[in-house]
Amino acid sequence: MDTEIELKFFVSSDFPHRIRDKIVSVKQLQQSQRELGNIYFDTPDFILRKHDIGLRVRCFDGVYIQTLKTAGRVVAGLHQRPEYNAELNGPEPDLSLIPVDAWPDSLDVDALSQSIQPLFSTDFVRQQWLLATDDGSQIELASDQGEVSTEAGNKDVISEVELELISGQTDALFSLARNLADEGGLRLGNLSKAARGYRLATGYQGDPVKPLSIVKLGADDTQEKALIRILEHALSHWHYHEQIYIERESLDALQEIRYAVLLIRQAFVLFGSVVPRRASTLLRQELQWFDGELAWLDNAWANARLCEDKGQYLRKLNARKIMVKALKAKQTQLPEREDIVSLLHSSRYCNLLLDLSRWILSKGWQPFLDEKAADKLAQPIQTLADKALPESWHELLDAFDENKTLTRHEYFDQSPRLQRNLVLGTCLASLFDKSRRKAFRLPWLDLLQGIEELRLLEPVRVLVAEIDDDDDKQQAEKWLARKEDSLFHAMTQSRQTGLRLTPYWQE
């Protein structure tokens with residue numbers, strides 16, 4: 001068994017022509033070009049796919065190689081998957097050549113052998129270089145150009161670059177990747193050729209947008225292990241929704257990417273008493289830059305919501321058509337899909353994801369730790385949770401004191417604090433009883449949603465002030481006041497409920 005450590009990129013069609021210039025200063029041990037044909041197999045009910053297993057037979061130069069890849073780890077385009085290879089006499093797979101311990105216990109391999117069948121093919125030309133870096137590491141660089149196809153005639157273009165660490169240091173892999181990314185035109189990819197083939201074979205129409213879920217931690221996890229899990233959880237959520245946006249325009253997908261960025265930044269705060277700020281300075285700067293690039297989303301979401309269904313939200317207003325027209329005019333001033341796709345293929349963005357992935361995999365905080373900090377990171381995450389959650393809760397108690405009457409601007413000002421508190425819970429809440437944490441978080445999530453609904457009225461407030469007809473303006477002002485009063489009432493109830501609940505981390 002071997003374990004691949006590779007970085008996969010989706011690249012623009014012209015990128016392969018630039019590769020030679022990018023590696024001219026790197027020692028080239030070998031160079032080759034070959035045509036590769038791959039047939040992927042599964043059962044009619046996709047048993048292998050359900051177990052995250054890939055089975056293929058590859059043909060090149062008259063040689064047939066069977067490969068089984070099992071479930072592994074993917075972090076921002078870095079793939080680590082155990083694989084089992086065996087030479088065959090022809091294109092039909094032979095499962096008896098795969099070690100018994102490679103299979104999940106629940107699979108009947110003999111029955112599987114009788115039911116597997118060809119599902120799809122990947123055919124491409126691979127240009128390949130074996131490179132030696134200055135530190136002695138060896139990296140295989142492969143550029144693949146071709147297509148995925150099914151028996152039904154469905155096709156998808158392959159335009160990819162892969163870097164695989166053959167020997168040496170993972171840092172060498174990332175350094176070469178940064179060099180390739182210095183002019184943009186490539187994007188880290190989590191979708192393998194096999195995954196794309198399955199999509200074609202099953203008529204899959206794309207993934208749904210998903211809310212950021214609670215990070216799964218164990219009470220016995222060390223603080224360092226928890227840090228890694230939180231960051232990997234955020235990156236997985238980020239990359240999942242990046243792929244959705246590449247496939248189709250979705251403001252919700254971009255918003256989920258922002259939540260992933262917020263989770264990473266909150267993790268830096270949570271572990272800030274142990275991991276020195278200087279260990280993550282560059283990462284924090286680049287995360288702030290990227291979050292700033294998406295700051296327009298708040299306005300875009302509000303405009304889209306107000307304009308949907310021909311302005312249904314504003315349906316009771318006489319000036320609805322005029323207001324919707326003005327909102328749509330403002331929408332044209334926001335970034336277009338092409339601008340965001342370009343951002344997601346930019347050098348700076350790609351390097352941010354590369355640096356985050358490398359920081360996690362190489363534990364980039366460790367060189368900055370003294371003995372005391374290292375000892376703290378080795379302690380259970382429960383210790384940190386028992387300290388961090390009450391501290392954050394006391395901040396929330398002060399901000400949303402039941403005796404305070406908050407204006408809309410005060411709600412807006414406290415919204416980031418509330419969001420940070422909830423994201424802290426996203427990091428740590430799995431350490432506590434599920435039903436109690438859900439009951440406790442619910443009114444605060446409702447309050448956050450109420451603030452977002454209140455913020456939705458801000459562009460309406462501006463438009464109401466610009467209405468020329470006095471009667472229409474008066475009607476709109478009354479409507480606005482009623483909407484605001486209704487929201488304030490609901491938000492006050494959410495505050496009161498949340499403040500009176502016993503926190504889930506308390507006995």
Side-chain angles (χ1 to χ4, degrees), residues 1-20 23 28-42 48-49 53-70 72 74 77 79-95 97-98 116-131 138-166 173 176 180 186 189-201:
M1 180 192 74
D2 299 314
T3 299
E4 287 183 321
I5 300 180
E6 67 177 28
L7 286 165
K8 180 189 293 291
F9 299 93
F10 299 134
V11 302
S12 57
S13 57
D14 67 322
F15 190 85
H17 304 297
R18 293 187 265 148
I19 289 178
R20 292 182 184 276
I23 62 173
Q28 300 179 25
L29 303 179
Q30 295 177 16
Q31 194 273 329
S32 63
Q33 178 173 307
R34 58 175 53 163
E35 294 185 9
L36 299 176
N38 305 273
I39 304 173
Y40 286 79
F41 295 83
D42 206 336
L48 294 180
R49 189 61 177 169
I53 293 173
L55 175 65
R56 77 174 183 221
V57 173
R58 168 171 289 175
C59 177
F60 61 93
D61 300 335
V63 177
Y64 293 91
I65 301 294
Q66 171 181 275
T67 298
L68 182 88
K69 293 188 179 184
T70 60
V74 180
H79 297 243
Q80 294 175 290
R81 297 189 69 183
E83 68 171 48
Y84 304 83
N85 298 298
E87 188 169 336
L88 303 174
N89 294 322
E92 296 297 322
D94 183 352
L95 303 190
L97 299 176
I98 298 168
I116 59 172
Q117 61 187 29
L119 193 61
F120 59 89
S121 300
T122 62
D123 300 282
F124 51 91
V125 175
R126 168 165 289 179
Q127 287 185 290
Q128 202 164 12
W129 294 264
L130 181 61
L131 307 174
Q138 292 190 11
I139 298 170
E140 185 177 87
L141 187 159
S143 172
D144 297 338
Q145 298 288 307
E147 66 179 19
V148 186
S149 61
T150 67
E151 292 294 324
N154 298 319
K155 295 182 179 181
D156 193 10
V157 173
I158 293 173
S159 184
E160 300 175 355
V161 167
E162 295 180 4
L163 299 178
E164 182 176 354
L165 183 65
I166 304 302
L173 192 73
L176 179 59
L180 292 178
L186 71 172
N190 277 3
L191 273 183
S192 64
K193 296 181 183 71
R196 295 165 66 190
Y198 271 102
R199 285 188 168 199
L200 283 179

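By convention here, the first residue in the shown sequence is residue 1.
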Task: Distance in Å, Asp123 CG paired with Ile39 CD1, rounded so as to fall on 0.5 Å steps - done: 8.5 Å
Task: Main-chain N/O of Asp94 paired with Gln66 side-chain donor or acceptor, under 3.5 Å - done: yes
Open item on the list: What I want to find out is whether Asp42 reaches Arg49 closely enough, with some N-O distance under 4.0 Å, to be called a salt bridge.
Closed with: no
Task: Nearest heavy atoms of Leu119 and Ala201, plus distance in Å - done: CG-CB, 3.9 Å
Task: Distance-minimising heavy-atom pair for Phe124 and Asn38 - done: CE2-ND2, 3.3 Å
Open item on the list: Take a 6.0 Å sphere around CD of Glu35 and say whether it holds more than 12 heavy atoms from other residues, nucleotides or ligands.
Closed with: no
Task: Flag side-chain contact, heavy atom, 4.5 Å: Glu160 against Arg196 - done: yes
Task: Sole residue of Leu29, Ile23, Ile139 in side chain to side chain contact (heavy atoms under 4.5 Å, CB included) with Trp129 - done: Ile23
Open item on the list: So which atom in Phe41 and which in Tyr198 form the shortest heavy-atom distance, rounded to 0.1 Å?
Closed with: O-OH, 3.9 Å
- [ ] Evaluate the criterion side chain to side chain contact (heavy atoms under 4.5 Å, CB included) for residue pair Leu130 and Gln138; output intermediate values, then yes/no.
- [x] CA-CA 7 Å; Leu130 181 61; Gln138 292 190 11; 3.9 Å; yes
- [ ] Describe, in one word, how the ring planes of Phe120 and Tyr40 are oriented to each other, choosing from parallel (under 30°), tilted (30 to 60°) and perpendicular (over 60°).
- [x] parallel
Open item on the list: Working note: Arg56 + Thr122, criterion side chain to side chain contact (heavy atoms under 4.5 Å, CB included); need CA distance, chi angles, decisive distance, verdict.
Closed with: CA-CA 10 Å; Arg56 77 174 183 221; Thr122 62; over 6 Å; no
Task: Side chain proximity check, Arg20 to Gln28, heavy atoms < 4.5 angstrom - done: no
- [ ] Would you check if Leu95 and Leu55 make a side-chain contact, meaning some heavy-atom pair closer than 4.5 Å?
- [x] yes
TODO: Provide the closest heavy-atom pair for Thr70 versus Tyr84 in the form atom of the first, atom of the second, distance.
DONE: CG2-CE1, 4.0 Å
Task: Beyond-backbone contact of Glu140 with Gln30, side-chain heavy atoms, under 4.5 angstrom - done: no
TODO: Quick one: pull up CD in Glu83 and CG in Asn85 and give me the separation to the nearest 0.5 Å.
DONE: 4.5 Å
Task: Minimum-distance pair of heavy atoms, taken over all atoms of Pro16 and Val11 - done: CD-CG2, 4.4 Å
Open item on the list: Using a 6.0 Å cut-off, check whether atom CG of Asn89 has over 12 heavy atoms from anything other than its own residue.
Closed with: no
- [ ] Could you pull out the closest heavy-atom pair between Pro93 and Leu88, with the gap in Å?
- [x] CA-CD1, 4.0 Å
Open item on the list: Salt bridge check, Asp144 against Lys193: does any charged N sit closer than 4.0 Å to a carboxylate O?
Closed with: yes
Task: Within 6.0 angstrom of Glu147 CD, more than 12 heavy atoms from elsewhere - done: yes
TODO: Please round to the nearest 0.5 Å and tell me the distance separating atom CG of Leu141 and atom CZ of Arg126.
DONE: 10.0 Å
Task: Contact check, side chains of Val125 and Gln33, non-hydrogen atoms, under 4.5 Å - done: yes
Open item on the list: Can you tell me how far apart CG (Leu186) and OG (Ser159) are? Round to the nearest 0.5 Å.
Closed with: 10.5 Å
Task: Interatomic spacing from CD in Glu6 to CD1 in Ile166 - rounded to 0.5 Å - done: 9.5 Å
Open item on the list: Rounded at 0.5 Å granularity, tell me how far CZ in Arg58 sits from CD1 in Ile65.
Closed with: 9.5 Å
